[in-house]
There are 2 protein chains.
Amino acid sequence: MRILLVEDEPELASALKTALRRHDMVVDHAASLLEAGDFAASESYDAILLDRQLPDGDGLTLVPKIRARGNATPVLVLTARSDTSDKVDGLDMGADDYLAKPFAFEELLARLRALLRRPANVQTQVIRAGDLAFDLGHREVLVRGEPLTLPRRELLVLEALLRRTGRMVQRSSLMEAVFGLDDEIQSNALDTHVSRLRRKLAEADAKVEINGVRGVGYLLREIS
Amino acid sequence: MRILLVEDEPELASALKTALRRHDMVVDHAASLLEAGDFAASESYDAILLDRQLPDGDGLTLVPKIRARGNATPVLVLTARSDTSDKVDGLDMGADDYLAKPFAFEELLARLRALLRRPANVQTQVIRAGDLAFDLGHREVLVRGEPLTLPRRELLVLEALLRRTGRMVQRSSLMEAVFGLDDEIQSNALDTHVSRLRRKLAEADAKVEINGVRGVGYLLREIS
DNA sequence: TGTTTCGCAATGCTTCTGCAATGTTGAGGG
DNA sequence: CCCTCAACATTGCAGAAGCATTGCGAAACA
């Protein structure tokens with residue numbers, strides 16, 4: 001397991017490095033944002049341990065940078081600040097976990113193990129098709145940059161279809177995505193939502209089309 | 001996004017459910033370990049929110065159970081206990097994240113989003129022959145990657161033949177695959193479907209051919 | 001409490017599908 | 001070698017099944 005440790009405080013860095021090594025991890029150490037960027041770009045790590053307070057800026061800014069390069073390495077952020085809004089920001093910027101200082105080393109280790117066990121996160125935050133972009137994080141649909149507001153159910157239909165653009169989505173699987181279990185829907189409610197969604201997509205000229213396939217389900221296609 | 005919420009305290013459960021729904025998630029609720037096990041087994045979720053203190057035991061024991069069934073759904077554990085050793089146990093039993101009560105709902109959401117940031121594409125079995133690929137799970141036929149939409153009966157014929165590519169399929173066995181038991185078909189309906197299917201496969205240049213064998217049945221062959 | 005959204009049912013439309021009529025093929029017998 | 005007949009192939013058609021669309025009342029939402 002190769003870990004990139006980004007931490008400017010020499011004492012803590014050294015202690016962590018030693019402790020991680022003791023658990024059979026190979027640790028590279030970066031003391032600044034700049035250095036960390038270089039390391040992350042040139043080497044491939046199984047996880048990145050990232051301090052926020054670095055001499056040349058907020059460590060968190062590193063995350064979108066490496067994500068933009070298509071790098072999905074799990075990032076665990078270490079920080080002195082521990083209020084909720086900070087955590088939320090961190091996670092939403094693409095970090096995978098967040099640990100407030102001071103922390104128990106055992107917990108760091110356990111969280112690290114949980115991250116390493118997770119399958120590689122290659123999923124992009126935004127799904128695109130035709131002229132539309134679906135921002136999964138902010139649950140927002142944009143058509144050529146203009147927001148398109150959709151009701152909840154239609155949004156769910158669209159999301160399920162977009163996750164398999166150009167491929168079949170079974171009716172049953174759509175039903176499951178849109179209505180849970182407890183809803184006992186026995187009408188053509190799904191068809192209704194598809195229909196309304198179709199109209200809105202056409203009106204917004206989103207350059208996508210929803211095709212129904214009899215007896216099977218639906219699929220969303222890009223159109224020229 | 002489908003979430004399984006396992007929480008016995010009705011008030012919190014209801015509040016969470018509402019809040020999650022407001023963020024476009026489809027939530028199923030289980031109030032006990034037993035119920036949760038059933039839900040997790042029969043349905044597929046994108047994430048599980050799991051309380052530890054349940055009337056019939058420690059929620060955490062659910063995690064190894066579902067993992068043993070090959071289910072890799074991300075699990076976020078909620079708990080009142082917040083000491084390090086508990087967290088370590090939780091994460092090491094296969095949970096993906098751990099959040100101590102009381103928590104800010106925003107943090108829960110952010111952590112959930114981090115967990116969900118992964119591909120939802122379930123792999124299903126695909127049979128190939130010639131230039132065709134039949135995705136059994138999604139009931140979809142692709143010819144060189146392009147979807148070929150077929151009516152239900154023709155799809156059934158194709159599936160039955162593909163399952164025995166290059167080998168004879170008895171007429172009677174095809175009848176059963178296509179019409180099942182209940183239908184009382186006494187015409188040449190099967191021949192009709194085979195014929196129509198042949199035409200479509202030829203039009204799509206699928207590099208497969210259906211040969212009829214007098215008195216026996218049909219077989220599907222790859223052609224150069 | 002006004003507004004949006006949702007599920008439902010009624011309606012019209014498209015596609016499917018079993019059937020039958022007609023054409024074609026091939027094996028066996030004369 | 002050709003004839004015969006049954007089995008298979010193909011195609012048009014009408015009934016049926018499935019889907020699309022819309023308006024409406026009720027529920028959820030802000």
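Here is the naming used below: chain letters follow the sequence lines, and residue numbers restart at 1 for every chain.
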*Please work out which of the three classes, parallel, tilted or perpendicular, describes the rings of B:F179 and B:H193, given edges at 30° and 60°.*
tilted

*What are the two closest non-hydrogen atoms of B:L62 and B:L50, and how far apart are they?*
CD2-CD1, 4.0 Å

What side-chain donor-acceptor pairs closer than 3.5 Å can you find for residues 142-150 of chain A, not counting sequence neighbours?
from, atom 1, to, atom 2, distance (Å)
A:R144, NH1, A:D131, OD2, 2.7
A:R144, NH1, A:D205, O, 3.0
A:R144, NH2, A:A204, O, 3.2

_Spacing of CD1 belonging to B:I66 relative to CG belonging to B:L4, to within rounding of 0.5 Å_ = 8.5 Å

*Could you encode protein contacts along nucleotides 20-30 of chain C as a string, one character per nucleotide from 5' to 3', using B for base contact, S for sugar-phosphate-only contact and - for no contact, with a heavy-atom cut-off of under 4.0 Å?*
BB---BS----

*Rounded distance (Å) that lies between atom P of C:dG7 and atom CG of A:L190*: 10 Å

*Does B:R139 have any salt bridge (charged side-chain N to carboxylate O under 4.0 Å, His left out) partners at least two apart in sequence or in another chain, and if so, which?*
B:E159

*asked:* Please compare A:N211 and B:R171 by the position of their nearest nucleotide in DNA chain D and report the one closer to 5'.
replied: B:R171

_I need the NE2-P distance between A:H193 and C:dT4, as an integer number of Å._
17 Å

*For the pair made of CG in B:L197 and P in C:dC16, what is the distance, rounded to whole Å?*
13 Å

_Distance (rounded to the nearest 0.5 Å) between B:L220 CG and B:L162 CG_ = 5.5 Å

*Looking at B:D191 and B:R171, does any basic side-chain N land under 4.0 Å from a carboxylate oxygen?*
yes

*the helix from C:dT1-D:dA30 to C:dG30-D:dC1: angle between its terminal axes, five pairs each, to 10°?*
40°

*Which one, C:dG18, C:dG7, C:dT5, comes nearest to the side chain of B:R153?*
C:dG18

*Heavy-atom pair of closest approach, residues B:L155 and B:F134*: O-CE1, 3.8 Å

_What's B:R196 touching, base or sugar-phosphate or nothing? Going by heavy atoms closer than 4.0 Å._
base

*asked:* Can you give me the first and the last nucleotide of DNA chain D (5' to 3') that has an atom within less than 4.0 angstrom of a non-hydrogen atom in chain B?
replied: D:dA6 to D:dA30

*asked:* Between C1' on C:dT5 and CZ on A:R199, what's the gap in Å once rounded to a whole number?
replied: 15 Å

*Nearest-0.5 Å distance that lies between atom CD in A:E154 and atom CZ in A:R198*: 12.0 Å

*Take the protein atom CZ of A:F179 and the nucleotide atom C1' of C:dC6, then report the distance between them rounded to whole Å.*
9 Å

*With sequence neighbours left out, what residues match A:R221 under salt bridge (charged side-chain N to carboxylate O under 4.0 Å, His left out)?*
A:E209

*Supply the atom-to-atom distance B:Y218 OH to B:S173 OG, rounded to the nearest 0.5 angstrom.*
12.5 Å

